[in-house]
Amino acid sequence: MPVDLANEARKRGIKYFLISYVDLFGTLRAKLAPAAAITDMAKDGAGFAGFASWLDMTPADPDVLAIPDPNSLIQLPWKKEVGWLAADPYMNGKLVEQAPRNILKRMVAKAADQGLTLKTGVECEFFLLSPDGLGISDAADTQAKPCYDQSALMRRYDVISEICDSMLELGWGPYQNDHEDANGQFEMNWLFADALTTADRQAFFKYMVKAIAEKHGLRATFMPKPFANLTGNGCHAHVSLWSASGQNLFDDSNGPLGVSQLGYNFLGGILHSAESLAAITNPTVNSYKRINAPRTLSGATWSPNTVTYAGNNRTHMIRIPDPGRFEVRLADGATNPYLLPAVLLVAGLDGIENKRDPGSRLDIDMYAEGHTVKDAKRLPLNLLDALRALQGSSVLTAGLGQPFVSAYTKLKTADWNDYAGHLTDWERRTTLDC
């Protein structure tokens, strides 16, 4: 039953609601509505000019009305008088087809019609930086292999513990926090859930991390590759498919690595569409400096550049760490929280429908021996190649919808063209005396 937002405001002492949606570039947009107005807002939506955010619209288009989902309500643990709401964008009384949350909900409904539920968990890596964003915030964090460094973790205890305490209060089930492989980098893990719940939480998590970091005089970034010599920010997605009765349909004790044939077909669908998936999972110019990076200071990038899978082996695009699930290691910190599970579901359901075979797993170190594998597909080298692959993908176009693919590739191609128009110091240094 939908939550009565006005009643919740009275019970919880909420004075304002942030009515939010995520645009095509993953930016969280919001209006701050007083609790006295929330009943009307819940019915009619908060009005936005879509052109003013990253949606493919013009100033002549009517208002986008973001209608909040009452069941998504999150009371800000660090500012309890404010409640956050994920919203579904409408225009002219119809759902905006290009809006990321609407796309995920449509895919979730399609899976439900087949008796299927996608469950996901995400590993969101981020850096804690100085306020100007030019360097990491901890001058003592200098180890060549800083992963799991206890001292560096505890020097940021105040920030990390406040974020974790917030997740505990919200009932997300956080279970571990660590210093990651790059200096100044951290990761925090919470329990998996259905795809829409996880996506809402991921959208809020990114906002929460940034807000709490600012509170402590720091800056947090999920940028895929903020420093050339350090490991980038990944967003590994753990996926499994469940039946309406609560059975994990990927789990099969008799299958290789404990994965069912249906699971392998789902996996085959992701591998089949990997090059075009990258336009969604790795959505920025900077993304391709993570997945096509040279060795970092720690000795490894921890990111893939080939379309391969293995068992419990982190050098591949997909890892199968345990029976009944697999980890897609392709996505980075810039990925859209709603488009990530949506596109995995599109590709995976295509794999099931067409019984796509993922082929044999490769039980090798792809970083050391990848050059010996002659027939492995390579991931795109840049955003433009990924966008062209998305435009040419009948699977993703059919699943995500032509309105979305057209809007997304239009705006992202403009982003690429803007980047390509910049003259860099490298170009001058290497070409001035040509």
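These numbers were taken from a predicted model, which means no experiment stands behind them. Residue numbers run from 1 in the order of the sequence given. For the numbers below, each heavy atom of this structure counts, side chains included, while hydrogens, waters and symmetry mates do not.
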Crowding at [atom1], [X] (>12 non-hydrogen neighbours, <6.0 Å):
X	atom1	answer
Y419	OH	no
Y175	OH	yes
R106	CZ	yes
E97	CD	no
W302	CH2	no
K110	NZ	no
Y16	OH	no
K377	NZ	yes

- prompt: Can a donor-acceptor pair be found between the side chains of N189 and E187 at a distance below 3.5 Å?
  reply: yes
Please list every donor-acceptor pair under 3.5 Å in which a side-chain atom of residues 120-129 meets a protein atom from a residue at least two apart or in another chain.
| from | atom 1 | to | atom 2 | distance (Å) |
| --- | --- | --- | --- | --- |
| E123 | OE1 | H236 | ND1 | 3.3 |
| E123 | OE2 | H238 | NE2 | 2.6 |
| E125 | OE1 | G234 | N | 2.7 |

Ring center gap for H179 and F186 short of 6.0 angstrom: yes
field: Point-to-point distance, once rounded to the nearest 0.5 Å, from CG of L379 to CE of M317
entry: 6.5 Å
statement: CG of N286 to CG of L383, rounded to nearest 0.5 Å, is 11.0 Å
field: Expected output: side-chain T409 to main-chain V405 donor-acceptor under 3.5 Å
entry: yes
message: Main chain of T221, side chain of N233: is a donor-acceptor contact present, judged purely on distance under 3.5 Å?
response: yes
task: Establish, for the pair K31 and F17, whether the NZ or CZ atom is under 6.0 angstrom from the six-membered ring centre and no further than 45 degrees off its axis.
output: no
Atom pairs and distances, donor-acceptor, side-chain atoms in residues 247-257, under 3.5 Å, two or more places apart:
| from | atom 1 | to | atom 2 | distance (Å) |
| --- | --- | --- | --- | --- |
| N248 | OD1 | F250 | N | 3.0 |
| N248 | ND2 | G324 | O | 3.0 |
| D252 | OD1 | N254 | N | 2.9 |

- request: Given side chain to side chain donor-acceptor pair (under 3.5 Å), test D141 with N183 step by step and report yes or no.
  value: CA-CA 6 Å; D141 190 350; N183 306 110; 3.3 Å; yes
With T301 via side chain to side chain donor-acceptor pair (under 3.5 Å) - residues at least two apart: S303
